[in-house]
Amino acid sequence: MRPSVAERFGGTANGATGYGATVTENDTWTHVVHAPGRVNLIGDHTDYTGGLVFPMAIDRGTTIRYTPGTDRVVLTSDADPDPIDFTLPVEAEPGTVTPVWGRYVAAMAAELSSSTGIHGTVSSDIPAGAGLSSSAALECAVGLALGSDGTPTDLALAAQRAEHAATGVPTGIMDQLCIAAATAGHATMIDCHTLDITQVPVPGEVDVVVEFIAHRTLVGSAYADRVAECARAESVIGPLRAATLDDISRARHHLDDIAWRRARHVVTENERVRAFASALDGGDYDRAGRLMDASHASLRSDFETSTPDMDAAVERLSTTAGVFGARMTGGGFGGCVVALCQPGALDSGWVVHAARGAHHR
Ligand code: ADP
Ligand code: MG
């Protein structure tokens, strides 16, 4: 039998509130917001050069039950024993707030210049720090709870700025825009330069399966190095989002090997996203799967964001009967792998379904 999310990921099952003295289980909340996590099907480390990504919001997410009012933000979370409690407007640097999860909340409040606070509880069944974007789900849910009333793109941009302020890591727009803008039953193909979104139906005749490999943090990881290496490549090649393989070949002797390989990943990955969208649309799952395999190989060899455990999982999954393809997903250096397969082909991991974006319930 497939393990439950709580068994598989530990400590993040729904409904377990009750930490801290300021918010109790007996409180009755007047409002509920929910933001999904996301799994990236293909297109990793392309967003911060304005390239293409293909994430899917999933039927696991973060829910905040709360009551608005007063000038304080008082929240507990089932993912952290320490509650947060601060006064609006936010005066502290968000990156210095404790406990650490309060940084995302304070940064979002600062971004929105919120003056009306919330009291409530956060519950989530997304494993935190596993590449399924619990951070962007938290930011987007907090944004709605604090009264953000712009477009999904406005919410996503505020959440991305909040993530930068909270963590200091220069992450791209993929997570927040997918989580803010997704529609049920669809993956969210995003042009990260124009922020144009194409909602692509995810066929019911395939399973998307996520397998957790290891917790990781992007703070202090090589993520920021990758951003800098891509910038170095762009200083020679020009915008990678518009570059071709010919441009990459021509740059071979004008760039150091690392920046050149990073650029080759980005340019080939953008092509794979386009090809994947049309393969999925045309029902060519073998081709879609081969593109996922190729994406993993590129992330492993050219972009160096995989790990031996992720490589082993991808190898095992992609050679299992009924699996079309598999790859690491998200920022890397740990996290999860994702597979596309025939329904029921895998009894490990977690079948996820395409869910709608952040919303009031
Ligand atoms: P990912 O977004 O892939 O899950 P990150 O490292 O970007 O990983 O974000 C994880 C961090 O986000 C956690 O360490 C925690 O600080 C915060 N976080 C996310 N979800 C929650 C939650 N439900 N409750 C408290 N903190 C959360
Ligand atoms: Mg994150």
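Counting starts at 1 for both ligands and their atoms, in listed order. Predicted model only: the values in this text are computed from it and were never measured. Counting begins at 1 with the first residue of the sequence.
- Both the backbone and the side chain of S134 come within 4.0 Å of ligand 1, judged by heavy-atom distances.
- Between S77 and ligand 1, a contact under 3.5 Å exists for at least one N or O pair.
- In summary, of the residues considered (D257, D302, D247, D246), a salt bridge (Lys or Arg N to Asp or Glu O under 4.0 Å) with R264 occurs for D302 alone.
- Counting the atoms of ligand 1 from 1 in the order shown, those under 4.0 Å from a heavy atom of S124 are 23 (N).
- Taking every non-hydrogen atom of G131 and a distance limit under 4.0 Å, the qualifying atoms of ligand 1 come out as 3 (O).
- Against a heavy-atom cut-off of under 4.0 Å, L132 is close to the following atoms of ligand 1: 3 (O).
- Remark: ligand 1 atoms within the under-4.0 Å shell around heavy atoms of G129 are 1 (P), 4 (O), 8 (O), 10 (C).
- Take H353 and apply the ring-ring contact (aromatic ring centres under 6.0 Å, His included) test, not counting sequence neighbours, and it matches no residue.
- A heavy-atom separation below 4.0 Å is found between R216 and ligand 1.
- Annotation: side-chain contact (heavy atoms from CB on, under 4.5 Å) contacts of P170 (sequence neighbours excluded): A224, V227.
- The Mg ion (ligand 2) has no N, O or S atom of T171 inside 2.8 Å of it.
- For S295 and R327, the side-chain atoms include at least one donor-acceptor pair closer than 3.5 Å.
- Counting the atoms of ligand 1 from 1 in the order shown, those under 4.0 Å from a heavy atom of A79 are 22 (C), 24 (N).
- Shown are Y48, F303, F333; of these, the ring-ring contact (aromatic ring centres under 6.0 Å, His included) with Y223 is made only by Y48.
- Ring centroids of H34 and H359 are separated by less than 6.0 Å, placing the two rings close together.
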